[in-house]
Amino acid sequence: MKLNRRQFTGLGLAALAAPASIIRPAHAQPKPGDELVVGIWGGAQEKIVKQYIEPQLVEKYGCKISYVLGGTTDRRARAYAERGRPSFDVLYLNIYESRQAVADGVTQAPTAAVERFDQLYPLAQKGGYGVAFNPCTVVYDGTAAKTPVKSWKDMWNPEWKGRIAWPNGLGAEGISALMMTAKSFGYDITEFDKVLEKVAELKPFAGIQSSQAQLYDMFDQDVADLSVEFASFTRKYAETRNPDCVIAEPEEGMAVTMNVACITEGTKNQKLAEEWINLHLSPEVMIAYAREVYYSPTVKDVEMPDDVKGKVITGGQVNDLVDFDWDYINAHRAEWQAKFDRVLAG
């Protein structure tokens with residue numbers, strides 16, 4: 001059976017998006033001195049929420065906002081350890097972590113208690129409240145290409161032999177590369193061994209890249225010419241360091257990755273958490289993210305300013321993003337990682 005777009009987007013996901021009609025128990029109104037604990041990435045993301053979200057909540061309620069900064073690995077582990085008695089109120093996770101966290105009872109399914117819930121694209125109403133789309137695609141040195149990359153299959157063109165920095169493991173970039181290989185060559189998601197065999201045809205790799213910084217250094221040092229990476233970060237890299245770097249728009253689509261704001265199960269600050277997320281979904285914050293890091297908006301009612309138009313995904317383009325069956329992927333993650341290490345990384 002071939003893996004088509006409907007299979008990618010439709011399998012096992014509906015249960016993770018709660019109907020908007022769900023009514024949660026009544027919660028106390030916020031009061032001065034209440035503390036909202038937010039787990040989020042540092043850098044630009046911390047800067048934006050402190051500038052646009054925190055002041056509005058503090059002014060309205062006299063509350064305090066505390067942050068736990070860093071990557072998702074540590075805060076996700078902490079949230080699981082504290083399940084049902086969380087120290088976090090709002091937890092930012094990636095697309096696959098967020099859906100698993102709802103299934104595991106660590107975070108709440110999204111509801112219309114967040115006022116702007118209905119403005120979210122359907123894809124952003126799963127696993128929490130999507131706050132930023134960050135498409136993953138083929139990126140490459142345009143001077144090394146005989147013809148522009150128009151398909152994920154083009155990675156198998158002869159000019160890229162020995163020049164590909166394959167993304168490590170089963171993170172967002174790695175899964176995107178593997179699942180888009182499956183989609184492009186007609187493999188079912190259950191045929192992971194065939195996917196690995198196909199990717200193994202690309203070996204020897206120029207290297208295995210584990211971060212944007214490592215990949216961009218490999219490009220700068222002429223170690224590699226092509227990889228799979230986030231379009232947003234790569235656009236910043238191309239504009240500031242390497243104008244020869246091209247972000248492909250393959251005919252099969254770009255893989256969707258997404259940052260998701262989640263409310264923990266058992267939070268004592270339900271309404272504050274809902275208002276925090278509602279502010280994050282405002283046009284003002286969406287535009288700030290687009291300008292700062294080229295993150296694409298997850299809401300339908302924001303008009304992007306001219307300076308970022310064409311640099312982020314909006315409107316009908318969202319429908320072209322390719323989603324995956326994260327239930328199936330998460331259930332096979334350990335098995336797949338072992339196979340990846342043996343077949344591709346070894």
(request) For the pair Val149 and Val246, evaluate side-chain contact (heavy atoms from CB on, under 4.5 Å) and give the outcome as yes or no after the intermediate values. (result) CA-CA 9 Å; Val149 172; Val246 179; over 6 Å; no
(message) Looking at Phe88, is its backbone amide N or carbonyl O close enough to the side chain of Thr264 to form a donor-acceptor pair, meaning the two atoms are under 3.5 Å apart?
(response) yes
(message) Whether Arg163 and Glu159 form a salt bridge (side-chain N of Lys/Arg under 4.0 Å from carboxylate O of Asp/Glu) is what I want to check.
(response) no
(message) Check for me, please, whether Tyr67 and Val37 land in the same ILVMFWY cluster - side-chain distances under 4.5 Å, paths through other members count.
(response) no
(request) Look at the rings of Tyr216 and Tyr237 and say which category their plane angle falls in: under 30° parallel, 30 to 60° tilted, over 60° perpendicular. (result) parallel
(request) Using only heavy-atom distances, determine whether the side chains of Gln212 and Thr234 contain a donor-acceptor pair under 3.5 Å. (result) no
(request) Identify which one of Tyr92, Tyr295, Tyr129 satisfies the ring-ring contact (aromatic ring centres under 6.0 Å, His included) criterion when paired with His280. (result) Tyr92
(message) Applying a strict under-4.5 Å side-chain criterion to I, L, V, M, F, W and Y, I'd like to know whether Leu91 and Ile40 cluster together.
(response) no
(request) Establish, from distance only, whether the side-chain atoms of Asn134 and Thr257 form a donor-acceptor pair under 3.5 Å. (result) no
(message) When you measure from the side chain of Trp166 to the backbone of Lys203, do you find a donor-acceptor pair of N or O atoms at a distance under 3.5 Å?
(response) no
(message) Could you go through Glu335 and Lys339, starting from their C-alpha distance and side-chain angles, then the distance that decides it, and tell me whether this counts as salt bridge (charged side-chain N to carboxylate O under 4.0 Å, His left out)?
(response) CA-CA 6 Å; Glu335 172 195 349; Lys339 290 181 176 181; 3.2 Å; yes
(message) Can a donor-acceptor pair be found, under 3.5 Å and without considering hydrogens, that links the side chain of Asp154 to the backbone of Ser151?
(response) yes
(request) Ignoring hydrogens and angles, tell me if any N or O in the side chain of Arg333 forms a donor-acceptor pair with the backbone of Leu170 under 3.5 Å. (result) yes
